[in-house]
Amino acid sequence: MVHRFMYGCGYTEPTNMRVRTKAGREDLRAIWMDGDSVTAIDQRALPQKFKTIGIRTYPEMAEAISNMTVRGAPTIGAAAAYGMALAWKAGEDLDEAAKVIKATRPTAHDLFYAVDLMLSRRKGDLVKAAEAYADGVVTMCKSIGEHGSTLIEDGSRVLTHCNAGALATVDFGTALAPMRVAHRAGKKFFVYVDETRPRLQGAKLTAWELLNEGIDHAIIADNAAGHYMSRGQVDLVIVGADRIASNGDFANKIGTYEKAVLAKESGVPFYVAAPVSTFDFSLASGSGIIIEERSQDEVLFVGGRRISPEGSRAMNPAFDVTPARCVSGFITEMGVFRPGDFSALVRRH
Ligand code: MRU
């Protein structure tokens with residue numbers, strides 16, 4: 001199925017990324033199956049350039065996940081499912097494909113969840129299973145949006161970190177989903193967008209999505225969040241997650257931890273939006289979460305230019321772990337849960 005919806009061609013409800021392409025104004029998913037291959041929005045090129053890439057084999061999918069052409073935990077999960085489908089279609093060794101895909105990025109639980117789900121369906125049609133997986137992610141995100149939108153009021157000032165929008169979740173978003181629903185319900189609110197060094201997912205991707213949706217926002221330097229929180233100018237924080245442990249400790253983009261501590265210190269409610277695929281109930285706490293270390297060049301270079309002295313080195317953890325005690329609630333497709341009170345989710349998992 002091609003997830004490409006043209007305005008004026010019988011599709012009326014906008015889904016996620018309203019973008020201008022050569023074909024006109026379109027709504028696209030972040031990734032979809034397109035005949036024999038998979039098509040994905042190249043997230044490395046946004047917002048300057050909108051382009052898609054074709055992915056024909058599972059090693060190409062593994063590369064697209066590693067180099068962050070596709071990124072964000074639920075989109076990584078869908079990409080992994082599609083990668084397994086490509087391997088199945090080509091008659092490849094599925095256990096080998098699973099190994100290669102699982103070795104791409106260690107932190108996002110959705111990747112492992114999706115690959116294991118596809119392995120459990122190996123006797124059936126994996127293309128259909130992957131399509132169903134991606135559709136399921138979108139349905140969950142829409143429910144997250146419905147549950148989370150009740151937290152946003154007219155006049156709210158919301159802060160978010162990284163990109164947990166449609167690009168990161170196949171469609172609609174997790175942290176951005178409540179904002180989409182609130183906006184479409186006519187609520188007027190404002191979003192602080194952390195720029196999110198070093199890869200700038202906030203300044204590049206979240207800003208692009210909010211602009212496309214028509215939501216009022218401003219990009220702030222990462223270290224400006226405390227300034228606004230301490231002055232009472234932030235009403236709530238909503239972020240996504242890459243992996244959530246049984247006790248509610250969770251990993252998300254580097255810098256999330258300090259935003260959560262600042263929010264607690266300033267009395268600002270702090271919410272985490274994520275589908276069940278992001279919960280890792282095999283972990284008792286966040287100390288077991290593997291944190292991806294990425295290339296130091298992501299810190300040393302900005303826009304392809306080195307900004308630091310030759311000879312200086314950099315360290316680049318891509319995620320950090322926020323303790324459950326900093327979290328006001330987890331917005332899921334099944335409602336809003338208090339940290340650690342996940343028994344209903346465990347049953348679903
Ligand atoms: O390294 P990235 O860009 O894949 O990290 C993304 C994040 O940290 C997101 O906040 C997280 O995956 C949640 S996406 C709904």
Side-chain angles (χ1 to χ4, degrees), residues 16-17 29-31 40-44 46 64-80 104-114 134 137-138 140-145 148 159-180 193-206 208-209 222 237-244 250-260 270-280 286 289-295 298-299 316-322 327 330-333:
N16 59 354
M17 288 161 278
R29 284 187 172 187
I31 188 164
I41 295 175
D42 186 343
Q43 299 192 35
R44 298 166 306 174
L46 288 170
I65 296 170
S66 296
N67 70 22
M68 294 178 66
T69 301
V70 292
R71 51 148 294 283
T75 291
I76 292 172
T104 51
R105 298 191 73 189
T107 307
H109 183 250
D110 303 61
L111 182 144
F112 301 87
Y113 180 90
V137 169
V138 178
M140 289 189 280
C141 287
K142 287 184 173 164
S143 297
I144 288 170
L159 184 139
T160 192
H161 192 66
C162 194
N163 171 260
L167 289 163
T169 65
V170 183
D171 200 349
F172 219 73
T174 51
L176 295 200
M179 303 179 207
R180 279 189 209 285
V193 178
D194 289 346
E195 60 178 351
T196 318
R197 276 283 286 152
R199 289 186 68 101
L200 301 169
Q201 289 95 327
K204 292 180 173 185
L205 306 178
T206 298
W208 182 77
E209 288 197 39
D222 285 325
V237 178
I238 312 179
V239 298
D242 283 82
R243 195 180 287 248
I244 303 166
F250 75 100
N252 192 48
K253 181 53 53 194
I254 190 74
T256 302
Y257 169 47
E258 61 187 45
K259 303 302 175 291
F270 185 97
Y271 287 92
V272 180
V276 70
S277 49
T278 306
F279 286 78
D280 182 354
I289 299 177
I290 297 171
I291 299 297
E292 178 183 9
E293 278 285 336
R294 293 189 63 86
S295 163
E298 291 183 351
V299 177
N316 187 16
F319 301 95
D320 55 27
V321 174
T322 298
V327 181
F330 289 86
I331 310 167
T332 75
E333 67 275 25

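Atoms within each ligand, like the ligands themselves, are counted from 1 in listed order.
- The pair R197-D222 does not meet the salt-bridge criterion, since no charged nitrogen lies less than 4.0 angstrom from a carboxylate oxygen.
- Listed by chain and number, residues touching ligand 1 at under 4.0 Å (heavy atoms only) are M68, R71, G72, A73, P74, R105, C162, N163, A164, A168, T169, T174, Q201, G240, A241, D242, N252, K253, F319.
- If you check the side chains of D194 and T196, you find no donor sitting under 3.5 Å from an acceptor.
- Residues passing the salt bridge (charged side-chain N to carboxylate O under 4.0 Å, His left out) test with E293: none are found, sequence neighbours excluded.
- At least one test fails for K259 against the ring of F270: distance under 6.0 Å to the centre or angle within 45° of the axis.
- Checked by atom type and distance alone, the side chain of T107 pairs as donor or acceptor with a backbone atom of I290 at under 3.5 Å.
- Side chains of N163 and R71: a donor on one and an acceptor on the other come within 3.5 Å.
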